[in-house]
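Each chain gets a letter, A, B and so on, in the order the sequences are listed, and its residues count up from 1.
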Amino acid sequence: MDNLIKDLNDAQKKAVTTTEGPVMAIAGAGSGKTNVLTRRIAYLINHIGVPKDQILAITFTNKAANEMKSRIASLLNERTGMMWISTFHSMCSRILRQHIEFLGYKKHFQIIDDDDTSQLIKSIQKEFRIDPKMIDPRKLKNHVMKLKSEQASLSDYKEPLSDYLSKVYPEYQRRLKNNNLVDFEDLLMLTIRLLKENDDLRKHYQQLFQYVLVDEFQDTNNAQYELIRLLGGAHGNVFIVGDEDQSIYAFRGANIENIRRFRRDFDNPKVILLEENYRSTNTILSAANDVIKANKDRIEKTLFSSKGDGDKVVAYKGYDQRDEVHFVAETIQDLVHEGYRYEDMAVLYRTNSLSRLFEEAFMQKRVPYKIVGNTSFFKRKEIKDMVAYLRLIVNPLDDYSFERVVNEPRRGIGAKTMERLNAFAKEYNLSYYEAVNDSMNPLGTRPLKKLKGFTGLIDRMIATLKSADFNTLIDDILNESGYKEALEQDDKGDVRFENILELKTMFKESENTYQSEDKLTVLTFVLEDIALKSQEDDEVDDNSVTLMTLHSAKGLEFKVVFIVACEQGMFPLHRSLSDPKEIEEERRLMYVGITRAEEKLYITNAKSRQHYGEIVANPDSMFLTQIDPSKIRFEGLAKVSQENTQRYQSDYRQTKTFRAKKESLESRHANDIDKGDKVMHKAFGSGVVISVTGNQCKIAFSKEHGIKTLVKDHPAIKKVQR
DNA sequence: CACCGGTTTATTTTT
DNA sequence: TAAACCGGTG
């Protein structure tokens, strides 16, 4: 017992050992929250004797779940395999996978992602002839999702929106169910329904989960709260950890009120405050506090650390966005000379679109980097296409996937044909697949032949699945559908094909993970993983700088943190400026960003920047000006204006440093490969450069891959020294 | 039905 | 800026 808690502070000890009844831990940033959670779980198992599968630990992201699993595994010195440590969504799908038939869905339901939802809503909107200029499809989608999670009701809306919603929402739901699809919201909603409507199941799970732990409680939405109440309300052994100052997901329904609700609904929970910070210097903590104290209605916390004051916060103002980006790249290189490692550093931005700038500069300055949560691998067209094919194999009645790939690659099945098929299918309540094979269908011989060609392909693939492994299956799809051929025509095809190779690798790996006789079930599981893990959790711990949004930085820490583009309009975002509530959320986001830093914090911006093709000059972010200047060292234009020397400010472009920077930027390239060089490619293996033309090059790989035309500076290509 | 090219338009965060 | 959308042509 001593081992588990001996190095914890008093508050942490209390949080670990107060096992019975509701407990609420208010955990400031960097207060060892994950440590408390994992040790509490280990404590429950080792010292209270709770069976491993009777603990439910819910996190917010897959990353956090994995982290927790591996930490517990090392604390207990055994595997956490089937423990219930997961995100809300995977917990729900795990439950639904077993019981969804009770709700009239079929067992092999598939999960659609957000893009799919948007697409579906759009097409419904079109069908009802609702002018997208009048009603923004994105808004419509948001409202539908709100209705679904019961965060709103139809009566909240005025005409004509209420009218549209009353049509679109049921139609959306009907289509999902007919195709045996669920969206993210359904996962929660259907699980709640299941537990509410089925007394036996509710009791079963209430008994199974003797102890419930919830991480990042401030980010729970109403549905998630309801789930926790349903599962843990009876015995009340619910432990929640949260920090209202780090609530940054209100836009998707997170409700800070849930913290108050918890106090009301659960019987007099014990409240534990974790205020000792183990991460940052006091300068960083106090800068964070300067920012967050501007928010109203919050419980004041006093974070303290024993790490001393450390360095001042550096504020750099560049002449323009390129200058800003250079500063970051150069500072990173300088810090590496001082002994920091690339992996100790992170660049945090408000919007993904900013990642490009840094990507370009880092390539040129040879700063190794990785971008987290960019256009996710699984959102790429070719991957979604392959997934659609695979889903059709699991469930040929999935009209949504059918529609996606029926003419992908081009098979001469156009909008008109699909319109006719749709009308017929709708009239007789058939799926597209059934409609094609129905002798009554009114299609002309030629389109019908093409369509039958497509359904025939699906049939053959279903047969292939029975006898072959996944990689053979994917190869067959690629070859027989003509997809591969189409890729070969496309000049972006090589990159796409490379992605499909990666998908194959993934399938190969999971073939070993899931030991099951039934291939259909295995395929279903793998597809589910793909749906729920939209982020790649490839923890390639190569030594590189992390680029990511402030949102995805939550829960992480780095020795050195750059928060970039800190300008009014960029961060806080332009559209949040008019709403005090939204500014407060942006401010919390800044708070999260600042508190990621352990030792050094850089806040940068630019005097003017190109944004949406226009040049804008934004003032400093209010979050920067709210920090007490005595904690800041001003650099770049910020320094100049601080000293009030207008001379420098007038034309920074003429300065030597700027020109030097510019020159070095233009002259360098990431991969200085030439004809004849040997290279190594992530997916294709080793190859020889045949020719270099501008930014592109031709590389000959081994026989199976052949000659590829690739972007020269692509990070997947590495020159091999001779 | 496919393709081209011009035009518009919207720019946040994620399970 | 760039992606999505539209409308005309082959």
A:His574 has an atom NE2; how far is it from atom P of B:dT13, in whole Å?
-> 17 Å
Considering only nitrogen or oxygen atoms on both sides, find all protein atoms under 3.5 Å from nucleotides 7-11 of chain B and state each distance.
unit_1	atom_1	unit_2	atom_2	d
B:dT11	OP1	A:Arg138	NH1	2.9
B:dT11	OP2	A:Arg138	NE	3.3
B:dT11	OP2	A:Arg138	NH1	2.2
B:dT11	N1	A:Tyr612	OH	3.4

Can you check the A:Ile530 CD1 to B:dT15 P distance for me, whole Å?
-> 16 Å
Comparing nearest nucleotides in DNA chain B, the 5'-proximal residue of the pair A:Glu586, A:Gly412 is A:Gly412
OP1 or OP2 of B:dT14 sitting under 4.0 Å from any side-chain N/O of A:Thr549?
-> yes
Base, sugar-phosphate, or nothing for A:Thr417, non-hydrogen atoms under 4.0 angstrom?
-> sugar-phosphate
Enumerate the protein-to-nucleotides 5-10 of chain C contacts in which both atoms are nitrogen or oxygen and the separation is below 3.5 Å.
unit_1	atom_1	unit_2	atom_2	d
C:dC5	OP1	A:Lys122	NZ	3.3

Below 4.0 angstrom, N of the basic side chain to O of the carboxylate: do A:Arg298 and A:Glu584 qualify?
-> no
Between A:Phe562 and A:Tyr349, ring centroids under 6.0 Å | no
Flag for A:His99-A:Tyr205: side-chain donor and acceptor within less than 3.5 Å = yes
Whole-Å distance separating the CG atom of A:Asn142 from the P atom of B:dT13 | 13 Å
So, is A:Asn407 near the phosphate of B:dA2, with a side-chain N or O under 4.0 Å from OP1 or OP2?
-> yes
With centres under 5.5 Å and planes under 30° as the test, does A:Phe88 stack with B:dT15?
-> no
Start with the C-alpha distance between A:Phe251 and A:Tyr249, add both sets of side-chain angles, then the distance that settles ring-ring contact (aromatic ring centres under 6.0 Å, His included), and finish with yes or no.
-> CA-CA 5 Å; A:Phe251 69 91; A:Tyr249 286 109; 5.7 Å; yes
Does NZ or CZ of A:Lys148 lie under 6.0 Å from the centre of the six-membered ring of A:Phe184, at an angle within 45° of the ring axis?
-> no
Between A:Arg575 and A:Glu582, is the closest basic N to carboxylate O distance under 4.0 Å?
-> no
Pick the nucleotide of DNA chain B nearest each of A:His551 and A:Arg410; which residue has the one closer to the 5' end?
-> A:Arg410
Less than 4.0 Å between a side-chain N and a carboxylate O, is that true for A:Glu226 and A:Lys196?
-> yes
Counting only side-chain N and O atoms of A:Asn352, is one of them less than 4.0 Å from OP1 or OP2 of B:dT13?
-> yes
How many Å lie between CD on A:Glu582 and P on B:dT12, as a whole number?
-> 12 Å
Kindly indicate whether the side chain of A:Arg350 and the base of B:dT12 share any N or O donor-acceptor pair separated by less than 3.5 Å?
-> yes
What is the distance from CG of A:Leu451 to C1' of B:dC1, rounded to the nearest Å?
-> 14 Å
Lys NZ or Arg CZ of A:Arg588 over A:Tyr591 ring: under 6.0 Å, within 45° | no
Is A:Arg97 close enough and on-axis enough to A:Phe109, meaning under 6.0 Å and within 45°, for cation-pi?
-> yes
Nearest-Å distance, NZ (A:Lys554) to C1' (B:dT12)?
-> 15 Å
Are any of A:Arg356's side-chain N or O atoms less than 4.0 Å away from OP1 or OP2 of C:dT1?
-> no
May I ask you to evaluate whether A:Thr61 reaches the phosphate of B:dT14, defined as a side-chain N or O under 4.0 Å from OP1 or OP2?
-> no
Can you check the A:Asp219 CG to B:dT13 P distance for me, whole Å?
-> 16 Å
Residues, nucleotides or ligands: over 12 heavy atoms within 6.0 Å of A:Lys449 NZ | no
Determine the interatomic distance between C1' on B:dT12 and the same-named atom on C:dC5; round to the nearest Å.
-> 22 Å
Report the C-alpha separation of A:Tyr225 and A:Phe262 in whole Å, then their side-chain angles, then the decisive distance to 0.1 Å, and conclude whether the ring-ring contact (aromatic ring centres under 6.0 Å, His included) test is met.
-> CA-CA 9 Å; A:Tyr225 182 86; A:Phe262 183 81; 7.2 Å; no
Between C:dT1, B:dT15, B:dT12, which one does the side chain of A:Thr351 approach most closely?
-> B:dT12
Using whole Å, report how far CD of A:Glu584 lies from P of B:dT12.
-> 22 Å
Closest to the A:Ser552 side chain: B:dC3, B:dT13, B:dT14?
-> B:dT14
